[in-house]
Amino acid sequence: MTIDLLKDLNPAQRKAAEAISGPILILAGPGSGKTRVITYRIAYLVRTVGVNPHRILAVTFTNKAAREMRERLERLLAGSVKDMTLGTFHAICAGILRRDGEAIGIQREFVIFDADDQEKLLKQAAADANVDPKQYPVGKITAAISSAKSQMTTPEKFRENARNYFDEIVARVYERYEKMLRQNNAVDFDDLLLKTVFLFKRHPEILKRYQERYVHLLVDEFQDTNLVQYELVKLLAGRHRNVAVVGDPDQSIYSWRAADLRNVFNFERDFPDAQIYYLEQNYRSTAKILQVASSVIADNRARKDIKLWTENEPGDPVCLLEAYNEQEEAQMVVREAERLTGSKKYRLSDIAVMYRTNAQSRALEEAFIRYGVPYKLVAGTRFYERREVKDLIAYFRLIHNPADSVSLMRIINVPTRGLGEKSIVEMQAWARGRGLSLFEALEASSTAVDKPPLTARALASFDIFYKLIQGFIEDSRQMPFLEFFDRVLERSGYQAYLKVQPDGEERLENIAELRTVAEPFNGLPPGEALSPFLESVSLVSDLDNLDETEGGVTLITLHQAKGLEFPVVFIVGLEEGVLPHFRSFDDPAQMEEERRLCYVGVTRAKRRLYLLRAFRRSLMGGSTVNEPSRFLEAIPSNLTTEAVSPNEPVQPLIPLQKKLYQYAERPPQAQAAQVSKSAAPGLSRTHVRPSAPAYKTGDQVRHPVFGDGVVISTLPVKDDHEIVVSFKDRGLKKLLLSFAKLEKT
DNA sequence: GCCTCTGGATTTTTT
DNA sequence: ATCCAGAGGC
């Protein structure tokens with residue numbers, strides 16, 4: 001069986017999987033079986049070569065990818081992968097720091113600050129450094145610091161290199177911020193990587209242990225690594241040098257998060273003996289879709305010469321559609337989705353709609369709701385960013401790490417305990433004067449002789465809060481985790497507090513959801529569950545929970561769509577200013593990234609691809625007329641059609657006489673909520689529906705945008721009406737009565 | 001402490 | 001158009 005393990009791979013894939021010694025760069029085009037190669041390579045290492053899984057390190061970019069890979073490997077290797085290190089850079093580094101961070105002064109109980117905590121701390125740091133947030137927005141400073149961290153620039157180095165006054169300001173805040181992180185016993189996301197590199201450089205003996213252990217390294221999505229991550233790879237691979245990196249420069253779309261596709265080009269320089277393998281056969285898309293993709297990306301300069309080819313059938317032409325505005329664009333998508341699923345060839349879950357900006361999802365959602373077609377929105381407010389979830393987690397974090405003043409500040413007056421801004425500031429000042437953390441100050445202030453200058457009432461409140469948390473700390477060591485969870489929720493008063501909130505019910509549901517996340521930790525001995533629980537909630541994202549099997553059309557940003565595939569893909573908003581986004585206009589490098597983004601979208605499609613644009617689009621209040629996207633120009637016209645379907649008449653604006661409303665029995669909101677767990681119930685938008693149409697064929701009408709026209713036909717659509725009007729200047733337009741502001745003339 | 005008003009911004013967000 | 005943060009009033 002060992003020989004045949006790789007029999008499912010094509011020759012190129014097989015070579016890449018079998019080249020197990022020395023540095024390897026695998027350039028893998030979209031749909032070329034990259035994941036397959038990685039998993040088989042690991043399986044081959046373990047089963048055929050006999051490598052102990054303990055000696056393998058595999059890095060993915062998302063937890064989801066890590067989980068999926070683990071599942072595949074478990075199937076392939078029957079469960080011997082437990083000892084393998086498999087996870088994101090961040091998760092792996094968190095583990096290393098937990099184990100060995102004390103060598104550089106990071107205590108074992110450290111917490112991970114997310115973007116939200118980071119912002120709060122930075123605001124405080126800026127205030128402490130006397131920086132006026134009006135003059136120097138905290139956001140800009142945050143970006144500067146994060147970018148500095150991604151390039152391994154320490155506060156000291158940053159100060160040395162400061163070239164203008166803004167840099168000076170940033171340096172000041174950066175120094176202060178770092179100090180505060182240490183005081184809070186916290187690290188931010190960037191630190192997880194940075195501190196690990198620092199640990200390795202400072203303590204070669206620790207690095208050596210990891211170097212010795214990991215005989216084989218694998219890095220997926222290498223094009224999206226940043227300098228720090230690459231540095232980690234180089235350090236860890238320093239001993240055995242068996243490092244395989246897999247990536248595709250054409251799919252690098254995260255440069256704004258400091259991903260540096262130069263890593264791909266530098267790999268050959270840093271590992272001159274690297275072998276390079278190309279995976280160029282595409283198994284995913286039809287030949288036409290693939291050619292469209294190639295034509296879109298061909299104009300970029302920063303490329304590796306990956307030549308995609310396929311044995312798949314040519315397939316249908318790619319549909320290019322122009323709508324009048326984003327509402328019509330959305331309507332076209334919904335109708336076509338209905339048409340495709342009506343023919344039973346596709347299910348709704350086979351279909352995805354992709355867009356550049358989240359704001360574009362709105363018009364789409366409205367159309368899906370209006371037509372009663374189930375959809376699921378990836379995004380919305382992310383679960384772990386919801387206030388109630390963050391609040392409760394703040395309790396747990398404080399219990400776990402009382403030095404975490406950011407968490408303390410978050411909850412000290414939630415629910416209200418009569419501790420306002422003023423009392424807290426006093427207490428902070430008092431703490432600082434004595435070199436105490438806030439929590440220590442709470443403890444000390446009740447017995448101190450020189451108490452902070454506060455009312456007895458405030459002091460009592462602080463004391464009650466202190467005793468509350470102190471009690472929780474003891475509880476956490478004594479009871480099963482879920483019992484502890486419930487106790488915190490109840491005795492903190494948070495549960496009662498939520499109950500009386502306007503949207504309390506929903507918030508409590510989110511808490512219940514968090515509780516299910518806590519369940520798996522219940523089996524651990526008392527006192528040992530809190531830490532792993534917190535770790536698990538710090539490093540997850542919402543995409544991790546995207547359920548691809550559930551019914552409904554997927555609405556997703558192009559960024560989030562990376563790594564996914566769908567039989568049918570609609571990309572909307574192919575207009576100058578939207579895709580490419582106008583913020584990229586003045587930077588050629590960014591423009592190339594927009595092109596890659598478009599390429600990523602196109603290559604998600606297996607069988608059918610639709611590229612839509614709107615003539616006019618409302619943006620930030622106003623309405624603009626956009627040119628078609630430059631990315632459409634490169635597409636050879638023999639690959640495309642402007643008909644909705646090549647086999648049907650070319651009349652995209654005339655209603656397709658189809659049974660469109662098979663889902664429409666229940667109220668639309670209920671359906672949307674049902675299929676889109678992560679879509680907030682903000683979807684309970686109300687729809688004002690007109691009664692019978694006051695229009696019939698032949699009526700003269702006026703439209704605020706289109707001008708004068710005559711009604712051609714009306715068509716009852718659920719509880720709305722679709723009206724086709726022939727306008728003097730604009731020709732035929734199909735309008736929804738509830739949308740169009742028509743008046744009779 | 002909670003409510004309301006105003007001004008500013010508004011790409012993408014794997015961790 | 002809309003969402004959010006911060007300010008100011010009750």
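The chains referred to below are lettered A, B, ... by the order of the sequence lines, with proteins before strands, and numbering in each begins at 1. The basis for the numbers below is simple: all heavy atoms, side chains too, and nothing from hydrogens, waters or symmetry mates.
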Give one of base, sugar-phosphate or nothing for [X], where a contact means two heavy atoms less than 4.0 Å apart.
| X | answer |
| --- | --- |
| G622(A) | nothing |
| L419(A) | sugar-phosphate |
| K422(A) | nothing |
| Y254(A) | base |

Winner on side-chain proximity to Q590(A), out of dG6(C), dG1(B), dT11(B), is dT11(B)
Ranking dT11(B), dT15(B), dG1(B) by distance to the side chain of N413(A), first place goes to dG1(B)
Going by distance alone, is a donor N or O of one side chain under 3.5 Å from an acceptor N or O of the other, for [X] and [Y]?
| X | Y | value |
| --- | --- | --- |
| E593(A) | S255(A) | yes |
| R99(A) | Y210(A) | yes |
| S623(A) | R616(A) | yes |

Give me the distance, rounded to whole Å, that separates dC4(C) from dT13(B) when you measure between the P atoms they each carry. 16 Å
*asked:* Given the structure, check if the side chain of R583(A) and the base of dT12(B) hold any donor-acceptor pair shorter than 3.5 Å.
replied: no
TODO: Establish, yes or no, whether the cationic atom of R417(A) lies under 6.0 Å from the six-membered ring centre of F465(A) and within 45° of the ring axis.
DONE: no
The correct set of residues in residues 221-231 of chain A placing a heavy atom under 4.0 Å from DNA chain B is D224(A)
Margin query: Under 5.5 Å centre to centre and under 30° between planes: does that hold for W256(A) and the six-membered base ring of dT12(B)?
Written below: yes
*Using centres under 5.5 Å plus planes under 30 degrees as the test, is H559(A) stacked with dT12(B)?*
no
Closest to the 5' end of DNA chain B, once F189(A) and T357(A) are matched to their nearest nucleotides, is T357(A)
- Query: Using 30° and 60° as the class limits, which term best fits the ring planes of F267(A) and Y230(A): parallel, tilted or perpendicular?
  - Reply: tilted
